[in-house]
Every structure is written in C-alpha cells, then in structure tokens.
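Computed from a predicted model, the values in this text were never measured in an experiment.
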Amino acid sequence: MANTAELMDESPGLGADLDGPASSGRAVLDTIFEIDYSQRLQSLDSPQANAYVAINTERPGAKLFALVAGLDVPTRAGVAETLTKTEGNGYLNVLAAGPALAPDGEGRRMAFVLDRPGGGRLRHPVNAGAAISERVVTGVILPGLLEGLEKLHGQGIAHRAVRPGNIFYASAEHDRVVLGECVSAPPGFDQPVAHEPLPRSLAARAGRGEGAAECDMFALGVTLVALLKGAVPTDDVVQARTALRYQSGSMAVFMSGFDPSARMKELLAGLLQDDSKQRWEVDDVYDWLAGRRSRSAPIKGLRDGVRPFEFRGARYGSPAGIAHAFAEAPDAARHTLRERGLVDWLWRSCGDKDLAARVKVLTHLDAKDRATRSSLSDEDLALVCLALDPNGPLRFRGLSLMPDGLGPLLATAIMNEQVDDLKVISQVIERGLVIEAVQQSALFSRDDPYVSTCRSHQAYLKFPGRDMGLERCVYELNPGAPCMSEMVRNYCVTTLHDLGQALNRHAGGDKVPIGRPRDRHVIAFATDLMSPGQMQAVRLGAVGATQGAEDCMGDLAFFACIQRTEKTGAMRGMARWIRSRMEPALDSFRSSTRRRRMAVALNHAVSSGNLTDMLKVMRNQVERRSDTQEFNVARSRFNYLTNENTRLQSLLGDYSALARFKGRKAASMIAFVLFVVASVLTVTGGF
C-alpha cells in the first residue's frame, strides 16, 4: 500500500501532458511521436480529423502525419489499437493511437500517427474529377486496394471507408495506391450513401454498424464506378432512388448512362450484388484479374412477388422495399396494415406462408377485440418492418440503425446531447428491439454473444442504479471510448489513471467543485474498466458506512483505490473535493472531541493528497470501537440516571400526594372545630 512519502509529488502522465504549453505547437504521443501543430497538412485531412506533420524521434527521417479528431463523434479506438500491432501494405499503417495535447493547448484529443503517403490523394473528397481509364483502374488502382483489403479482412477488420476521396498514391510515381485511414470516425460514418450496401445506407450515419468484408467489397464496386464514370449519384439522388434499388438493383441505379467493357461489367456485377451472399470477395476479384473463371451471378433486384404490392400510389415487388416505404410513411402504413391486403400478398404473390402468418400476428388481425385490431403501436410497426426486411435496419420512431450500429449511435447522441434520440435509443434497448433484429437477421448467428450483451443492457435500463442506465451501455458498446462526463470530457480520458488525474485537475482551481466527484458517466466508465480486485477494494472500503455517509465514503474508497492501484501520484485537488463532502462521515462519530481530533488528521492527509490516508482516518477501527464503547457507556450511564431521576420523581410525587392528603385532612378538622365553636357561641349568645 502506498504511503504518504510516495505520493508527495504529482505524477506525470495526464497532468504533464495537459501542462504542455500551446505555444510550443507540439504534442507527444506514445513517448516517441511528436505532433507538430505548426505544420498543417490539409491535403491529408479526414472529414472528422485534421492532419499535421508527425515526427518519430527515434527515426527522424520517417515520413509520418497525425490525424487529430474532435469531440463530436467516437473514433474506432479498438480497431486503431489492433492496427498499431501489425503492419501491412495497401493501407496507411497506424503507428500510434491515443490522447494527445489538443492543438489549442486546452485539454486533449484522440490522435493517430500514420505513414504519410508518397503521392497525393487519388480524388479530392468533394470533386469527382475526370474519368480514369479501365487500364489504369485494373493495372494500378485495383491491385493496391485489393492488397489492403486482403490484409485488413485477414485480421477480421472491415475498413468501412473505401471511397475515391480516401485513396492515396503510395509514391510520387503514381504507380501504386493505398487505402486511407479508417479509425477517426465510426464505421461508415463518412461514406456517401451510394457507397453503403442497401440496408446500411438506410441507417443513420452513426448507426450504419461495423459491418463486415462484404461491405468493403460493395464500396469497392461503387468506387470503381465513380473512377471509371467520373461521378456517382449524390446522396439526395441515391436516397430518392431507394425504391428503384430495391426493384432493379443497385447496379442499375449507379451505372445508369454508363457502358463499360463487357469484362468490367462482369467485375462490377460481382461487386454490386445487393445480396451479400452473392457478392464477390477479394479472392474472386484476384481470379478476375488473372483471367480465371469467376463465380459471377446475374444482377437482379430484390423483387420476390409475382405481382407488385401497391402502397400510396407506388408499386413494390419485394417485402424489403415495402418495409422501407412503411418506415417513410408510418401513419399510412398503419392504415394499410389494418386490412388483410399485405398478408394476402405475402401468402399468394410471394408464397411465403410463414412471413404472412408472422405479419398477421404482429398486426393483431385475428384479435376478437375491435380496439386491439385497430391499434398498431410504433413497436408493432417496427417489428413488422423487421419481419419484412430482416437484414435491413431497425426502424423505430424516426430512428434507423443497424443492430451492430447501436454503440456508435448511442455515443454520438450522448456526445452531441441529442436528447430526443437518446429517448428513442433507450426505448429500443429496453423493449428488446435490438435483440429481435439480431435474431431475425441473417447477418448474425442465432447464438451470437451480442444477444446476451443486449439482455444485460435491458437490465441496466430496468434497474438504473448509479452505475447502470445508458451510461453503462455506451462504454460496453464502445470499447476504448473516452469518458463522456462533462467534468473530464475535454481531457479525452481513456484509462483509470487518466480519469483520476483529470478529475484531480478539474478540482485543482481556487474553488472546490460543487456536487459529487462521481457522476453517472464516471461510475459507468470506471466500472467497465475496473478489475474484479479493484471492484472488491472499493466495496470493502465503503462497507459499514453509516446512514447518510454512504456517498462520501463510497467516493473516498473509489478514488483511493484508483490512486493506489493506478499510481496516479498525489491528488490534492481530489482530496480537497472529497474532504468538503466528508461532514456526514465525521458526524457519524458521537464524541465531539474525537470528531475534532479526526478532522485534524483528515486535514493532514488532505494536505499530502493521499486519499488512502484519508480512508485510513475515516475507517480507523480503534477509533470507531472506542467511540462506540464510550457512547455505549455514556448511554448506559444516561439511561441509569434517567431511570433514577424517574424513580426519585415518582417518590417525590408520592410524598407530595401524602402531604396534600394530610393537609386537606387537617384543614378539614380545623374547619370543623371552628364551625363547632362558632355554632356554640351563636347559641349561648357570645362570651
């Protein structure tokens, strides 16, 4: 256990990092990388991160750059950590990742150091540019992209940011390309709608989900179309043609007015399949490049019905297309679902008796009660859409998300204080809609561990204690995410060590902060990171706290554990803060003399910044036993004296009553005698 001498000086780490002067224009990451904020590299910016020159102090000649993210969206910290452990060709290697001093010197931001590409960007992120010949695409661009995707997919990582604006020339000769970064934003967040497979393109940007290799292959196909054609439809055009994508297939929409060679059509047909099971993989594209026979499949839409289903004047050939239309017009959908038309269409036109029966149950068509038949809740409509489009997004009250996109969507809503979205997300979790979506989707296995995770989240919302609720969900769903408490958000806290130091800095001003040092985010963040041993230490540290002192003793035990196990150094700010809230615990001692003595000892520990010493003072069992024994003796003495006083009062009461009785009796006798005397005198006529 650490003693006071070991904690007299503030530990480096977060404190030293934040103390770095902004005027220096530099930040340190992973001890050997320096980010030079005086040298911007706007040509290497990502949509959610700014680029700067980076230097490896051990290899000054290495060409590197750093991306510094903001605080509005979560990053893919887990993916970044995996990529720092391996190196590969075909993509920009991530050499380091973690919090670094912000460019303005205020707080920290998530930063990533990457290899700097030798050439420029293949395409400007906004302007499509001129068309590129098939020869260049197949000879220079495609091999480089396949090399990067093959390496990433082999590690179980989906890039989820394959687009023309995120491809770079590896050298000044422009003879090879590499994929850009994929860690500064949630998966698919910055992708144009056209580059997302049909189901994921319908989800909110932050809710598109982690996806898998087939998502990258679809994006690769759209990227090739964009390069060969010189442009792809804009987001608004693609969204307006969603029904056509369902009806005729994405390839028909994206290749409208474009006629490549027959061989290229074969490649694009394999990559732009809307059925992910039919979509080509990296090995298939390699076979195509080598001229070997490929497993091509005909491009077709998702039409399933023999005849179309009519809704609001439009015709839909597939249940998935109907689900999208229902989500776009929920009131009209409810009106339609009160009739048997859809059930009959699924039965007769699609021949899907199971789906027809499922929709019939969800729409209460067999209910005897007329009110039940006519009512259709938002949850009912969401389940109907899931039944019609099991691989599509979960659509509920205007929010659309893929099941594996819940984490980034929740984090983004919290970071941006989107209160309305948070209410809807809470209902999605609490009502088990994510579980339903996972179990119906072919993208997940029936026994996927994600289901048990979602069940835990239901319990968090059902029993929202201080360490439960949405706060606990967000950290479990976003491993590596920084603590989102307003007290430490600007410090980009990702470890328990940094949490302790950031809160210590927050409390280091002239005024002691108001409120508890543990809000819901701090508790949920720490609970997700703490080991069982640390959790046990916190529980033992606060056990036996008297009524009214539970919070302050719990806070002290919590941060004392962090200081001791994470070696954060002296925490004078936190000590002052916690001391300001310790009166209920001090008042639990009955002896005023002892309270004054312990307050002096507590203040001494505060001055050293040692929370463990403070905890020792407050949990001094000798003092506690002595206080209890002395109190019990005093209470016994008090009870004895009280009983004696009662007995004496009772005795005095008895004597007083006797005296009054005898007095009254004597007075009566005297009055009688006087009466007799007076009577005699009256009869005899006086003296």
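- Under 3.5 Å, the side chains of R579 and N603 contain a donor-acceptor pair of N or O atoms.
- Side-chain atoms of T568 do not come within 3.5 Å of backbone N or O of R564 as any donor-acceptor pair.
- Residues L496 and I562 approach most closely at O-CG2, 3.6 Å, considering heavy atoms.
- Within the 3.5 Å criterion, the main-chain N or O of V451 finds no donor-acceptor partner in the side chain of D448.
- To the nearest 0.5 Å, atoms CD (Q191) and CZ (R205) are separated by 10.5 Å.
- Of the inter-residue distances, the one linking L394 atom CG with L202 atom CG reads 12.5 Å to the nearest 0.5 angstrom.
- With rounding to the nearest 0.5 angstrom, the CG atom of L152 is 6.0 Å from the SG atom of C182.
- For the pair R505 and Y491, the cation-pi criterion (under 6.0 Å, within 45° of the ring axis) is not fulfilled.
- For N610 and S608, the side-chain atoms include no donor-acceptor pair closer than 3.5 Å.
- Within the 4.5 Å cutoff, the side chain of L433 has heavy atoms near those of the F396 side chain.
- Side-chain atoms of N490 and R109 include a donor-acceptor pair closer than 3.5 Å.
- Checked by atom type and distance alone, the side chain of R116 never pairs as donor or acceptor with a backbone atom of F65 at under 3.5 Å.
- Judged purely by atom type and a 3.5 angstrom limit, D528 has no side-chain atom pairing as donor or acceptor with the backbone of A524.
- Under the 4.5 Å side-chain criterion, counting only non-hydrogen atoms from C-beta, V113 is not in contact with D30.
- Contact check for R200 versus C215: side-chain heavy atoms found under the 4.5 Å cut-off.
- Within a 6.0 Å radius of CD in E81, other residues, nucleotides and ligands contribute 12 heavy atoms or fewer.
- Looking at D498 and R108, their side chains come closer than 4.5 Å, going by heavy atoms from C-beta outward.
- Within the 4.5 Å cutoff, the side chain of H159 has heavy atoms near those of the N166 side chain.
- At least one cation-pi condition fails for R208 and F189: the charged atom is not both under 6.0 angstrom from the six-membered ring centre and inside a 45 degree cone around its axis.
- Q48 and S184 form no side-chain donor-acceptor contact under 3.5 Å, judged by distance and modelled atom types alone.
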Check your understanding: side chain to side chain contact (heavy atoms under 4.5 Å, CB included) between R489 and M484: does it pass, once the steps are laid out?
Key -> CA-CA 5 Å; R489 183 182 177 190; M484 300 174 199; 5.5 Å; no

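- A side-chain N or O of E566 and one of Q534 form a donor-acceptor pair less than 3.5 Å apart.
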Practice item. Mind running salt bridge (charged side-chain N to carboxylate O under 4.0 Å, His left out) on E196 and R160 for me, showing each step along the way? Key: CA-CA 9 Å; E196 285 288 280; R160 302 293 281 114; 2.7 Å; yes

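- We find the CD-OG distance between E436 and S441 to be 11.5 Å, quoted to the nearest 0.5 Å.
- Side-chain atoms of D104 come within 3.5 Å of backbone atoms of E106 as a donor-acceptor pair (strictly under, hydrogens ignored).
- Scanning all heavy atoms of the two residues, the minimum distance from Y475 to P482 falls at CE2-O, 3.5 Å.
- Of all heavy-atom pairs spanning L422 and A413, the tightest one is CD2-CB, 3.6 Å.
- Side chain to side chain, T86 and Q155 meet the donor-acceptor criterion of an N or O pair below 3.5 Å.
- Summarising the geometry, atom CD belonging to Q427 is positioned 4.0 Å from atom CZ belonging to R397; distances are rounded to the nearest 0.5 Å.
- Note: H497 NE2 to Q563 CD = 10.5 Å, rounded to the nearest 0.5 Å.
- Contact between P74 and T412 at its shortest, heavy atoms only, is CD-OG1, 3.2 Å.
- No side-chain donor-acceptor contact under 3.5 Å links Q458 and R455.
- At distances below 3.5 Å, not a single donor-acceptor pair connects side-chain atoms of D519 with backbone N or O atoms of S485.
- Scanning all heavy atoms of the two residues, the minimum distance from P408 to P186 falls at CB-CB, 3.8 Å.
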Practice item. Step by step, work out the side chain to side chain contact (heavy atoms under 4.5 Å, CB included) result for L83 and Y91. Key: CA-CA 11 Å; L83 292 178; Y91 61 87; 4.2 Å; yes

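- Taking 4.5 Å as the limit, every side-chain heavy atom of M598 sits out of range of all side-chain heavy atoms of L602.
- Using modelled atom types, one finds a donor on one side chain and an acceptor on the other under 3.5 Å when comparing E181 with S46.
- For the pair N504 (side chain) and M574 (backbone), a donor-acceptor distance under 3.5 Å is present.
- Here the closest heavy-atom approach between residue A585 and residue M618 is recorded as CB-CE, 3.6 Å.
- Residues Y460 and E476 bring a donor and an acceptor atom of their side chains to less than 3.5 Å of each other.
- The closest side-chain donor-acceptor pair between D45 and Q42, if any, does not fall under 3.5 angstrom.
- For the pair L64 and D115, the minimum side-chain heavy-atom distance is below 4.5 Å.
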Exercise for review: Could you give me the CA-CA distance, side-chain angles and deciding distance for V538 and M530, then say whether side chain to side chain contact (heavy atoms under 4.5 Å, CB included) is met?
Suggested key: CA-CA 10 Å; V538 171; M530 278 184 166; 4.1 Å; yes

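- Between the W577 side chain and the G515 main chain, a donor and an acceptor come within less than 3.5 Å of each other.
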Review point. Going through the distances and angles, do Y450 and I435 end up as a side chain to side chain contact (heavy atoms under 4.5 Å, CB included)?
Key: CA-CA 8 Å; Y450 188 46; I435 298 174; over 6 Å; no

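- For the pair R76 and E210, the minimum side-chain heavy-atom distance is below 4.5 Å.
- A donor-acceptor contact shorter than 3.5 Å links the side chain of N93 to the backbone of G88.
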